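A short write-up of the structure that comes next.
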Amino acid sequence: MVLGKKSDKEVKGVRIRNNTVGRRIDEMSEDNEIQLVEKRKTKRFSLHMDKSTSRGSEAIVITHVRYIDK
């Protein structure tokens, strides 16, 4: 608890609708995607891809991108 007990009660009392939370997550995701695409255009990066199969025989592709952002 960073803010203290009084603030904790106030924060818990704030009502947020599910669609508000979902919208905010979508907005953050879109912003991250835009930033990464722009950085990819101007920075050197390495890319590692691997394939796997889940227990349910579902194909999975894992991609890891590494770059230095100064």
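Nothing here was measured: the structure is a model prediction, and the numbers come from that model.
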| said: Assess whether a salt bridge exists between K41 and E38, defined as any Lys/Arg side-chain N lying under 4.0 Å from an Asp/Glu carboxylate O. | reply: yes
| task | Answer yes or no: does atom CD1 of I60 have more than 12 heavy-atom neighbours from other residues, nucleotides or ligands under 6.0 Å? | result | yes
| task | Look at atom CD of E27 and say whether more than 12 heavy atoms of other residues, nucleotides or ligands are closer to it than 6.0 Å. | result | yes
| task | Mind checking salt bridge (Lys or Arg N to Asp or Glu O under 4.0 Å) for E30 and listing every partner two or more places apart, or none if nothing turns up? | result | none
| said: Can you list, by chain and residue number, the hydrophobic cluster partners of L36 when the side-chain cut-off is 4.5 Å? | reply: F45, L47, M49, V61, V65, Y67
| request: Quickly, which of M28, E33, Q35 forms a side chain to side chain contact (heavy atoms under 4.5 Å, CB included) with D31? Name it, please. | output: Q35
